[in-house]
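Heads up: the structure comes next, in structure tokens.
For this chain, numbers begin at 1 and follow the sequence in order. This is a predicted model, so every value here is computed, not measured.
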Amino acid sequence: MPVAEEVKSSWADEVELEGGSLPPPTEVLDNSLKVITEYSYNEDDKKTKIVRTYKIEKRVVSKSIALRKTWKKFGESANDKPGPNPATTIVAEDVYMQYITSKEEDNKQEDEGLDKLKALGDKNVVKCRTCSGDHWTSKCPWKDTMLAGGKVPDDKKGPAVGGPSTGTETSKPGGSKYIPPSMREGAAKRTDNLSMARRDDATAIRITNLSESTTETDLEDLVKPFGPIQKLYLAKDKQAGYCKGFAYIHFKFRNDAAKAIAMLNGHGYDHLILTVDWSKPHPN
């Protein structure tokens, strides 16, 4: 008869035979692996065996982190072994922070600005708008001696930046950019227009008490026998178009205008008596 194989007992039966207490956890190092074995009760009040395997890695850290790992544990973890205790410590994933700006880059930009200023050497960085000297405009010593044109006299002018002075620059004392209206371009045309308007006013007459049905043709037929006419204006209503009762006649000669006044003033026209007199110039 074949010999029956020896049946090995389970670790749970061995625990019950020992008195029911759970064995202590064990830790075994195998090259780069660390195996931790623990025993506990599950929800069904059954004994369970938990085996955790860790891979040992060596990392290079900063001095502050290495020094912190040598600190002595305290409190409930005072008797724990080196390294994190799963019962009191939760190890999460590493969090890496990415900085948008670096302090080293900021300092580098400042250094570059200083290097540019140093590279200028003896060159003038500041230039005065008044005398072109190497100082601020508000601190210019010649700002109180400026002429009317906004220039500084040559004998008190500071050295110019960018090269020696040629001596050809001159400043006119009392110079100004203001030009009187009479000397500006187009002043003669305006004068001619004004004189022409005055001549027109001197030969213009005003006719009032005209009927509403009067037209430009009727008015021209009325004053044409007295002499040549330059301009004729009949006041009309903009919406209805009827005559407002007065008109202005500009004759070419003053004698013709005086003759028209003498003949038409008090003259009956279209069942109305006309009133004719010299046209008074506008106040403007």
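With a 6.0 Å radius and a threshold of 12 heavy atoms from other residues, nucleotides or ligands, L67 has its CG atom above the threshold. Residue N42 places its CG atom among more than 12 non-hydrogen atoms of other residues, nucleotides or ligands, all under 6.0 Å distant. The local environment of NZ in K73 is crowded, with over 12 non-hydrogen atoms from other residues, nucleotides or ligands closer than 6.0 Å.
A single hydrophobic cluster is seen to contain both L232 and I261, as judged by linkage of ILVMFWY side chains at heavy-atom distances under 4.5 Å, directly or through other members. Follow the hydrophobic side-chain contacts under 4.5 Å out from Y248 and you never reach I207; the two are in separate clusters. If you chain together hydrophobic residues whose side chains sit under 4.5 Å apart, W278 and V223 fall into the same group.
To the nearest 0.5 Å, atom CG of residue L274 and atom OG1 of residue T208 are 7.5 Å apart. Residue D30 holds its CG atom at 8.0 Å from OG of S32, rounded to the nearest 0.5 Å. Rounding to the nearest 0.5 Å gives a distance of 13.5 Å between NZ of K46 and OH of Y41. Note that the CG atom of D270 and the CG atom of L222 stand 10.5 Å from one another [nearest 0.5 Å]. A distance of 7.0 Å separates NE2 of H250 from OG1 of T203, quoted to the nearest 0.5 Å. Rounding to the nearest 0.5 Å gives a distance of 9.5 Å between CD of E212 and CG of L272.
The backbone N or O of Y242 lies less than 3.5 Å from no partner atom in the side chain of D237, so there is not a single donor-acceptor pair.
The nearest pair of heavy atoms linking V61 to A66 is CG2-N, 4.0 Å. Contact between K55 and L33 at its shortest, heavy atoms only, is CA-CD2, 4.0 Å.
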Please assess D277 against I205 for the test side-chain contact (heavy atoms from CB on, under 4.5 Å), listing each intermediate value before the final yes or no.
-> CA-CA 6 Å; D277 198 359; I205 63 174; over 6 Å; no
CA sep, side-chain torsions, deciding dist, call: I56, Y54, side-chain contact (heavy atoms from CB on, under 4.5 Å) | CA-CA 6 Å; I56 301 174; Y54 297 94; 5.7 Å; no
Passes side-chain contact (heavy atoms from CB on, under 4.5 Å), F253 versus K259? Steps please.
-> CA-CA 10 Å; F253 302 105; K259 191 189 302 181; over 6 Å; no
Verdict with supporting geometry, L264 and Y269, side-chain contact (heavy atoms from CB on, under 4.5 Å) = CA-CA 9 Å; L264 295 178; Y269 180 76; over 6 Å; no
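A donor atom on one side chain and an acceptor atom on the other are not found under 3.5 Å apart for T217 and T215.
Evaluated for a side chain to side chain contact (heavy atoms under 4.5 Å, CB included) with T26, the options I36, T37, V35 yield exactly one hit, T37.
I50 is not listed as a side-chain neighbour of Y39, based on a closest heavy-atom distance of 4.5 Å or more.
Applying the side-chain contact (heavy atoms from CB on, under 4.5 Å) rule to L234 yields the partners L210, E216, L219, K236, C243, A247; only residues at least two apart in sequence or on another chain are considered.
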